[in-house]
Amino acid sequence: MKMGMNEEYLNRGMDLKRLLLYLQKKIWLVVMLTVLGACCGGIVYQMTRSMKMPVEYQGVSKLYISFGHDESGEVYQYYNGYTWNDLLDADPILDLVMMHLPGYEREQVMEATTAEILSDIRLLTITVRGENEKFVREIKKAVENGLREFASNSKELEQIEVIRSGVPERVYWDDRTVAACVTGAVILGLLSLLAVGFNYVFDESVYVQEDVEKKYGVKALGILTRNQKGLQPYTRELKANIRYILGEKKAFAIVDMANHGDTRRLELERLLSSQELDVFGGGEQEEDFGWNVSQREAAHQKKSEYEVTAFNENILAEEECRKIREVGGVIILLPFGTDVGRKTSRILSFLGNQDCKVLGMIVTQADEEFLNRYFA
């Protein structure tokens, strides 16, 4: 009999149903972390937006261009967006603009000013950007005046009229708080799913008998659920397995890996002494079977014909092993969904060295809802 971890268990495949039920119990954590991710995403974005966004002002002017006529009477219409951008940086217009901007550098004006023809070639849009409102207002006004003077001295243009001169306004980034919240929720939600999946892969907890057999190579005798009501299949199977391995013997020992040996002892003694229920009729009606027994009921409870000697994992030593050898064997109790793999491997090794016969293992405090869905 193998006392350590079964190598086949380490190379086991993925039980998808077990994984889905495992995730179902952890979904609240994923949901909470997803909500937290959304909150963090929104907060980080708003902090970045308020602290990192540069202070910038923008002023926009709309000008209407009246074109002149050439010698044949045709209207000059070859001005476009690229032409106006080039013209604003060229000396004829820039010289006129700089006359209204004493103390400014030409490069400042060129970098701050943009000219665009958006649809109609007669409508010119001038945009001025800068770090402060005064800078934008003065350059915008100077560009408007410079373009008017340029038009009055140009044969291709009759005049340029300012039809709208907007006041400088603070430029803000687009508000993308919703997108930031969604991004944060997706990132933290995926990370939480990965963390849960990673934890599942390395989880050495037992949930069903198959986990026990694959992991330790020891007989899985059955399952003790948290709230037994009547002889459910798990109870009937457990009682039949224990009675079979004991044969004529009425005594055995248990080692509880969750250190609740006295409670488990009472449960097993009550289970093994309960009357069988004839589900097809004709047999004795069985008493209502459950673990939740009051202290008064326990005091008046009929003594079990089975004698269970209980030990907790944390007190197992030489004397306890001697008693285990005297009664003929021990059953290891593994708590449902709790990772006690390393402790169990250590105890199995210790029991093997002490020549204590391990009769099998039982999964205790199992979740009935999990089991019913898993075995459905």
Side-chain angles (χ1 to χ4, degrees), residues 5-6 8-34 189 192-242 254-261 263-268 270-272 274 277 279 288-293 313 331-345 360-376:
M5 189 178 296
N6 196 322
E8 182 182 350
Y9 178 80
L10 297 175
N11 300 321
R12 70 194 186 279
M14 183 73 74
D15 187 337
L16 292 180
K17 192 168 186 179
R18 184 175 180 272
L19 173 61
L20 289 175
L21 291 173
Y22 178 86
L23 291 177
Q24 184 180 359
K25 298 181 73 67
K26 302 288 185 180
I27 196 64
W28 64 271
L29 178 62
V30 175
V31 172
M32 287 183 62
L33 289 175
T34 300
S192 63
L193 283 174
L194 288 174
V196 170
F198 187 81
N199 185 67
Y200 174 82
V201 171
F202 289 93
D203 183 18
E204 296 185 12
S205 305
V206 294
Y207 295 87
V208 292
Q209 298 99 311
E210 185 182 12
D211 296 337
V212 174
E213 294 168 349
K214 286 185 175 181
K215 184 172 183 179
Y216 300 108
V218 177
K219 284 184 180 180
L221 301 179
I223 299 173
L224 280 175
T225 58
R226 293 174 184 169
N227 299 294
Q228 292 284 3
K229 287 297 180 184
L231 287 181
Q232 299 183 11
Y234 316 118
T235 310
R236 293 198 298 268
E237 294 167 5
L238 175 59
K239 181 160 63 173
N241 286 335
I242 294 177
I254 61 172
V255 173
D256 186 21
M257 301 305 299
N259 297 318
H260 299 292
T263 303
R264 302 288 90 83
R265 175 181 62 81
L266 292 173
E267 291 175 354
L268 287 172
R270 189 160 186 261
L271 168 66
L272 294 170
S274 62
L277 176 63
V279 295
D288 182 20
F289 186 80
W291 299 141
N292 301 320
V293 181
E313 166 271 330
I331 296 175
I332 309 295
L333 306 185
L334 304 176
F336 174 91
T338 303
D339 188 352
V340 292
R342 292 175 179 82
K343 290 197 299 183
T344 304
S345 296
M361 291 184 172
I362 298 174
V363 180
T364 63
Q365 289 295 95
D367 185 342
E368 293 94 334
E369 183 180 355
F370 178 96
L371 296 176
N372 292 335
R373 290 185 179 182
Y374 182 82
F375 291 113

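Along the sequence shown, residues are numbered consecutively beginning with 1.
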Of all the heavy-atom pairs spanning Y216 and G341, show the shortest one and how long it is. OH-CA, 3.4 Å

side-chain contact (heavy atoms from CB on, under 4.5 Å) against L193, all qualifying residues, sequence neighbours excluded: V30

Considering all heavy atoms of both residues, which atom of R265 and which atom of I254 are nearest to each other, and what is their separation? N-CD1, 3.9 Å

What pairs with D339 under side-chain contact (heavy atoms from CB on, under 4.5 Å), at least two apart in sequence or on another chain? D203, E204, S205, R342

Minimum-distance pair of heavy atoms, taken over all atoms of G189 and T34: CA-OG1, 3.4 Å

Measuring only between side-chain heavy atoms, which start at C-beta, is I362 closer than 4.5 Å to L268? yes

Looking at every heavy atom in both R226 and Q365, which two are closest together, and how far apart are they? NE-O, 2.9 Å

Would you say that K215 contacts T344 through its side chain, given a criterion of any heavy-atom pair below 4.5 Å between the two side chains? no

L334 side, atom CG; M361 side, atom CE - distance, nearest 0.5 Å: 5.0 Å

Working to the nearest 0.5 Å, report the span between CG of L333 and CG of D256. 5.0 Å

Between D211 and F336, is any pair of side-chain heavy atoms under 4.5 Å apart? no

What is the distance from atom CD1 of I331 to atom CZ of R264, rounded to the nearest 0.5 Å? 14.0 Å

Check: L371 and V208 side chains under 4.5 Å, non-hydrogen atoms: yes

T235 side, atom OG1; K239 side, atom NZ - distance, nearest 0.5 Å: 8.0 Å

Listed by chain and number, what are the side-chain contact (heavy atoms from CB on, under 4.5 Å) partners of T338, not counting sequence neighbours? P335, V340

Is F370 close to Y207 at the side-chain level, that is, under 4.5 Å between some pair of heavy atoms? yes

For residues I223 and L238, determine if any side-chain heavy atom of one lies less than 4.5 Å from a side-chain heavy atom of the other. no

Contacts of type side chain to side chain donor-acceptor pair (under 3.5 Å), residue Q209, not counting sequence neighbours: none

CD (E213) and NZ (K219) are apart, to the nearest 0.5 Å, by 10.5 Å

Non-neighbouring partners of N241 that pass side chain to side chain donor-acceptor pair (under 3.5 Å), sequence neighbours left out: none

